4 protein chains.
Amino acid sequence: VTVLALEHPHLAALLGDTTIARAFEAGAEVRAMLAFEAALARAEAAVGLIPADAAEPIARAAARFVPDHEVLSRGAARDGLIVPALVRVLKEAVGAPHDACVHKGATSQDVIDTGLTVRLKDVVATLHQRLVDLVGRLENAAAHAGDKPLMGRTRMQAALPITLAHRLRQWAAGLAEARDRLDELAPRLLVVQLGGAVGTRTDYGPQADEIERRIAADLGLGVASAPWHTNRARIVEFGDLLGRMAGAAGKIGQDVVLMAQNEMAEATLAVAGTSSVMGHKRNPVKAEVLVTLARFAAGLVGTLHQSLVHEGERSGTAWTLEWLVLPQLAVAAGASLRLTGEVLDETTF
Amino acid sequence: VTVLALEHPHLAALLGDTTIARAFEAGAEVRAMLAFEAALARAEAAVGLIPADAAEPIARAAARFVPDHEVLSRGAARDGLIVPALVRVLKEAVGAPHDACVHKGATSQDVIDTGLTVRLKDVVATLHQRLVDLVGRLENAAAHAGDKPLMGRTRMQAALPITLAHRLRQWAAGLAEARDRLDELAPRLLVVQLGGAVGTRTDYGPQADEIERRIAADLGLGVASAPWHTNRARIVEFGDLLGRMAGAAGKIGQDVVLMAQNEMAEATLAVAGTSSVMGHKRNPVKAEVLVTLARFAAGLVGTLHQSLVHEGERSGTAWTLEWLVLPQLAVAAGASLRLTGEVLDETTF
Amino acid sequence: VTVLALEHPHLAALLGDTTIARAFEAGAEVRAMLAFEAALARAEAAVGLIPADAAEPIARAAARFVPDHEVLSRGAARDGLIVPALVRVLKEAVGAPHDACVHKGATSQDVIDTGLTVRLKDVVATLHQRLVDLVGRLENAAAHAGDKPLMGRTRMQAALPITLAHRLRQWAAGLAEARDRLDELAPRLLVVQLGGAVGTRTDYGPQADEIERRIAADLGLGVASAPWHTNRARIVEFGDLLGRMAGAAGKIGQDVVLMAQNEMAEATLAVAGTSSVMGHKRNPVKAEVLVTLARFAAGLVGTLHQSLVHEGERSGTAWTLEWLVLPQLAVAAGASLRLTGEVLDETTF
Amino acid sequence: VTVLALEHPHLAALLGDTTIARAFEAGAEVRAMLAFEAALARAEAAVGLIPADAAEPIARAAARFVPDHEVLSRGAARDGLIVPALVRVLKEAVGAPHDACVHKGATSQDVIDTGLTVRLKDVVATLHQRLVDLVGRLENAAAHAGDKPLMGRTRMQAALPITLAHRLRQWAAGLAEARDRLDELAPRLLVVQLGGAVGTRTDYGPQADEIERRIAADLGLGVASAPWHTNRARIVEFGDLLGRMAGAAGKIGQDVVLMAQNEMAEATLAVAGTSSVMGHKRNPVKAEVLVTLARFAAGLVGTLHQSLVHEGERSGTAWTLEWLVLPQLAVAAGASLRLTGEVLDETTF
């Protein structure tokens with residue numbers, strides 16, 4: 001399976017990001033869904049919606065569960081998602097009498113959306129750390145660059161001299177902005193989705209809020225102000241920010257590509273791409289890829305926005321579109337930050 | 001000039017938004033630029049960068065100035081923007097000896113970007129007010145809807161009964177989310193850009209920060225943490241939010257279109273589109289347009305992200321792309337909110 | 001009304017295209033719709049669907065008709081399009097007894113879509129001529145460039161020497177490809193839409209095909225293999241080609257911007273943008289705009305594709321989206337070709 | 001590796017297309033590249049550019065060659081593409097004295113682009129066959145539907161009665177249009193790229209055209225009118241068509257989803273999605289996915305257009321963007337056609 005260049009056997013080391021991609025592995029998805037089912041059972045037992053002694057057997061079964069990918073794949077091909085099949089086999093694993101307590105009051109969307117935010121925690125943490133590191137390195141580099149002169153360029157024409165430090169600080173500012181927005185968005189993004197079949201929480205009973213709080217505490221998530229099964233703004237807002245991250249990195253990449261032009265010689269690459277026939281070539285491959293990923297991410301952002309037209313209490317159409325876009329957008333943004341670090345490592349300005 | 005359906009003589013009343021569009025009129029643009037030049041002169045006089053008696057003549061000339069559109073158009077066709085031509089004629093209007101003090105230390109981008117944020121203040125205020133109103137109306141309607149039943153629908157199939165109030169509150173939540181994000185973004189967006197030719201503020205002298213603060217106070221704007229001539233995240237973040245606003249409205253529109261289907265009869269239109277040949281038709285035109293505008297805005301968001309690859313100290317390419325996208329995106333989002341109100345007015349659920 | 005930079009009083013001379021824009025003027029739209037109504041009446045009279053003496057009064061009224069924009073705007077705000085209002089006032093202008101024969105069997109979509117293709121004839125002709133001219137000029141320039149050397153660049157690094165002629169011929173090939181595709185698409189695009197209320201042509205009677213042929217002959221259009229009220233591929237295919245045209249021009253623009261960098265000095269601009277503060281700047285404004293327009297057009301192409309999901313026998317949502325996108329896409333592509341010519345005029349390689 | 005939902009272990013059976021995906025497998029890519037190197041060697045031996053006895057050893061080594069993915073991955077991470085590493089190891093496999101004849105005169109782009117078109121032959125053939133089948137089935141179904149009535153709907157309101165046959169024929173027309181365009185495009189798309197380092201074919205010598213013809217014959221491809229290393233219109237045009245295919249299928253999907261609404265009951269699903277909690281649900285999952293894929297493909301089309309701004313004699317930035325977009329666009333279009341067939345199989349109208 002190598003349709004996506006971001007995870008292509010030959011290209012992923014350049015274009016992809018294994019750390020971010022891990023959050024979107026099928027295994028990680030299923031584990032996160034099962035973690036939700038376990039947390040749900042514990043919360044429902046605590047508030048008395050299911051018998052107290054049902055929680056542990058369910059949680060234990062969920063923890064041990066090794067899904068048969070073939071079963072889940074067949075389920076998804078019919079149902080549009082794996083949850084009905086997953087719940088069925090989880091119930092079998094739990095067995096009587098507690099199987100009836102599995103997935104109680106829940107709907108597929110509660111499982112999938114909360115399963116997503118559980119995994120996005122790691123994605124957010126990784127991106128945050130990379131942004132912090134990059135900003136620190138760029139500010140440090142700027143501090144050490146002193147007054148080293150650089151030609152300032154506007155409209156791609158020599159304008160007036162600036163310092164290298166000035167440009168490095170511009171780069172840092174773009175990434176610092178992304179870092180600040182990420183810190184602000186994280187608590188809104190990393191929340192439980194709990195709505196039940198049509199978002200009314202009916203089958204969770206009168207203690208639905210308490211169930212939600214307990215699941216949140218269990219999974220290390222926050223609590224949303226309301227079920228967000230049809231209001232997908234937090235997902236799209238995260239996608240927007242991923243696109244802006246890739247854009248901030250793409251600006252750096254474009255600058256480096258221009259600075260590395262032979263006649264400019266403002267950037268020297270310690271590691272550079274070689275050519276199959278031109279031995280003298282030193283191609284600014286990673287900087288170029290930053291531009292590519294920025295343009296790719298930009299397009300994905302626009303497509304993700306299409307998913308906001310989310311009809312009724314659940315749109316199969318719009319929700320599935322999120323699944324096609326968000327993972328690759330996250331990996332593209334992650335790869336952008338990874339490569340920005342490598343470009344800084346391997347370039348002398 | 002009717003290339004853009006949003007401002008087409010026949011279609012603007014449906015698809016456009018005169019209030020928002022006003023902020024993007026050529027006249028308003030020039031006035032905002034001149035307001036910047038006046039504020040700049042006052043600030044520079046206050047800190048002693050230009051003679052104290054230069055400020056008033058410049059401010060007076062700027063206030064009175066009636067630009068010759070032909071001159072500005074010719075200037076833009078050559079220079080890519082109107083500022084060089086505008087400064088030239090403003091200097092002529094000021095006359096000796098103070099003409100040399102006009103635009104002192106500034107660059108086109110300071111004028112245009114600050115001129116933009118001055119105008120965006122009104123746009124933000126209008127959008128904020130509409131969002132507040134719509135959220136209030138929807139919550140109010142939900143409170144009055146009592147237990148009126150509605151079929152909840154998932155994947156466009158009848159799922160389980162909900163109440164009308166439940167769906168109205170979902171709609172309100174989407175708009176409330178946009179309102180909250182707008183309130184949060186506004187202080188970051190509505191700021192002065194002051195960088196000078198290459199973003200270093202060199203020609204503003206050692207008191208550049210004080211000049212910036214004074215301009216900000218004068219124009220009712222905030223102060224950014226650094227010049228943002230090449231870090232366009234605030235513009236793109238605003239575009240992202242405009243897209244999400246249109247998306248929240250598009251979700252409402254899509255629901256109304258579905259509810260208004262004859263066989264559903266969940267929504268009755270007091271005002272409906274007529275057909276040129278089918279007298280019985282009652283078309284949910286405005287609700288449909290909400291979907292159209294959401295999809296249109298989504299595409300513009302993706303294109304706006306392309307402008308983040310902003311090379312060097314100013315990218316003619318990327319900056320001009322912002323100009324092509326942001327105004328129509330703002331008008332589309334504004335029209336979405338306007339039409340959401342009209343749809344609510346004209347629909348009985 | 002200046003929301004769209006392509007038709008902005010100050011920016012249109014740079015970014016827009018008056019020739020192409022003319023096809024999208026409200027007046028031209030109405031005239032084309034009236035031309036359809038006249039041709040329809042003549043065709044229907046010829047086959048006996050309406051009395052023979054009804055055609056001339058209708059055609060005469062249509063020719064003379066000066067629409068009240070206010071009436072049409074109010075109609076569109078209610079109906080989503082101007083046709084019901086337009087037909088009503090046209091009927092009044094025709095008067096008894098022939099008013100009942102106006103718009104016989106037709107639907108809004110027949111009027112609007114055929115009205116569009118009538119106007120696209122001019123657009124296609126203009127684009128074709130410009131492409132022919134540009135290809136000719138580039139091939140001619142290549143022939144005269146002889147062996148003038150130029151550094152070939154791959155991945156923005158000096159690769160191996162080429163000749164200027166080689167690069168000019170690459171540019172020509174991109175435009176020649178667009179020209180060839182346009183010639184191929186034109187007969188498929190420039191056709192009558194005749195479907196009636198739901199695309200079945202029921203009210204046109206058994207001689208519907210003959211009516212269509214007569215209208216086509218009258219308006220200088222071709223005949224489609226079937227009504228295309230819901231199969232919008234021809235519109236989207238034209239949009240795709242407009243995007244590829246702008247892309248071919250954008251490639252030239254990007255090359256010129258790079259060649260005009262001070263350190264490259266491979267292109268000298270006779271006409272260049274000036275700066276408000278840097279007297280020495282010679283900005284490659286028009287070449288930059290070619291890049292901007294290519295990226296802008298690319299985004300519009302993606303949005304136009306969203307309109308292919310055209311539900312039922314007519315989608316208000318998807319059709320309106322076409323109206324928002326196609327005109328500006330056509331103007332952007334037209335401006336790209338216009339500016340390519342200007343860049344070639346004003347640049348010495 | 002499951003970042004892309006199209007090839008996700010659980011979702012690919014629904015969203016993906018194994019037949020189309022096969023063309024984008026890393027192994028298939030390498031085999032196609034090696035096939036190019038073999039064909040090149042044979043062609044160059046035939047015209048005398050390399051010794052006659054060099055061709056067979058090279059072709060044999062290429063045929064037997066089992067690449068070490070780790071080596072290629074490391075090469076791509078440095079060079080931006082695998083060709084330099086691949087050529088190096090192929091030369092080693094060939095050994096002295098013929099190793100110097102490997103890849104003679106060629107550049108990475110000749111290998112990769114021709115390797116792509118070799119594989120696109122299968123993609124085109126699969127799509128063509130599916131389109132032919134679907135059109136045939138729909139026309140057949142229309143012929144058998146007789147006068148079965150269906151409510152025609154415009155703007156999602158009941159308009160006038162049509163027949164089921166009428167709507168089926170609309171669907172068929174959309175797919176037939178895509179089929180016709182594919183047949184027309186195929187000979188332009190499925191061609192050799194032969195340009196050498198900077199597109200001048202210098203190192204292929206005076207018999208470059210003959211070498212190209214021989215490679216084309218060997219690989220079952222056509223010959224382009226010129227090297228297309230920087231004129232990417234054929235790739236983008238193919239992407240455009242893939243998007244229109246997905247759009248034609250998306251129109252069908254949207255109609256089916258609407259027809260399958262409970263209150264409409266115009267379509268009955270033999271196979272339908274089940275819910276994890278609502279036993280009565282029969283979700284039109286596959287029809288929904290058709291809409292999703294159409295919107296997803298639309299976004300990819302816009303992004304692919306960004307790659308037309310292809311600077312100089314080879315743009316690392318733009319070319320890499322093609323690699324990120326085209327494979328998933330092809331798979332999405334392929335899946336659309338596959339699912340259209342399944343929807344038709346499983347739905348009674």
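Below, read A as the first sequence line, B as the second, and so on, with proteins coming before strands; counting in each chain starts at 1. On a predicted model such as this, the values are computed, not experimentally measured, just so you know.
At least one side-chain heavy atom of Arg78(A) sits less than 4.5 Å from a side-chain heavy atom of Thr274(D). Contact of the Thr317(D) side chain with the Leu290(A) side chain is not registered, since no non-hydrogen atoms from C-beta on lie closer than 4.5 Å.
Interface remark: Ala85(A) contributes no atoms to any contact with chain D (heavy atom separation under 4.5 Å). Of the two parts of Ser73(D), the backbone and the side chain both hold a non-hydrogen atom closer than 4.5 Å to a non-hydrogen atom of chain A. Only the side chain of Leu15(A) comes within less than 4.5 Å of a heavy atom in chain D; its backbone stays farther off. Interface remark: Ser275(A) contributes backbone atoms only to the contact with chain D (heavy atom separation under 4.5 Å). Contact of Leu293(A) with chain D is made through the side chain alone, with heavy-atom distances under 4.5 Å. In this structure, chain D has no heavy atom under 4.5 Å from any part of Glu70(A). For Arg88(A), the part lying near chain D is the side chain, with the backbone staying farther off; criterion is any non-hydrogen pair under 4.5 Å. For Gln254(D), no part sits under 4.5 Å from any heavy atom of chain A, backbone or side chain.
Between Glu7(A) and Val3(D), the closest heavy-atom pair is OE1-N, 2.8 Å.
Chosen from Leu304(A), Thr320(A), Val87(A), the residue pairing most often with chain D at heavy-atom distances under 4.5 Å is Thr320(A). Heavy-atom pairs under 4.5 Å with chain A were tallied for Asp203(D), Thr18(D), Thr292(D), Val271(D); the largest tally goes to Thr292(D). Counting heavy-atom pairs closer than 4.5 Å to chain A, the top-ranked of the candidates Gly105(D), Pro327(D), Gly75(D), Ala318(D) is Pro327(D). Chain D forms more heavy-atom pairs under 4.5 Å with one residue of Arg74(A), His103(A), Arg295(A) than with any other, namely His103(A). Note on Ala77(A), Ala28(A), Gly16(A): by heavy-atom pairs under 4.5 Å with chain D, the leading option is Ala77(A). Of the residues considered (Leu324(A), Val291(A), Leu81(A), Leu11(A)), Leu324(A) shows the highest number of contacts with chain D, using heavy-atom pairs under 4.5 Å. With chain D as the partner, the residue from Gly299(A), Ser315(A), Ser307(A), Gly316(A) showing the most heavy-atom pairs under 4.5 Å is Gly316(A). If you tally non-hydrogen atom pairs under 4.5 Å between each of Gly27(D), Ala23(D), Ala76(D) and chain A, the highest count goes to Ala76(D). Most heavy-atom pairs under 4.5 Å with chain A: of the set Ala12(D), Gly273(D), Ala21(D), this distinction falls to Gly273(D). Across Leu14(D), Leu6(D), Asp79(D), the residue that shares the most heavy-atom pairs under 4.5 angstrom with chain A is Asp79(D). For the set Gly253(D), Ala272(D), Gly196(D), the entry with the most heavy-atom pairs within less than 4.5 Å of chain A is Ala272(D).
For a heavy-atom cut-off of 4.5 Å, chain A lies close to Val277(D), Met278(D), Val285(D), Lys286(D), Glu288(D) in residues 277-289 of chain D.
Of the possible polar contacts, none joining the Gln306(A) side chain to the Phe296(D) backbone as a donor-acceptor pair under 3.5 Å is found.
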Given the rule in the side chain to side chain contact (heavy atoms under 4.5 Å, CB included) test, do His10(D) and Val30(A) qualify, once you have shown the distances and angles that lead to the verdict? CA-CA 10 Å; His10(D) 303 154; Val30(A) 173; 3.4 Å; yes
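Legend: ring pair (Phe, Tyr, Trp, His ring centres under 6.0 Å) pairs involving residues 302-327 of chain D, not counting sequence neighbours, sorted by first then second residue: Trp319(D)-Trp323(D).
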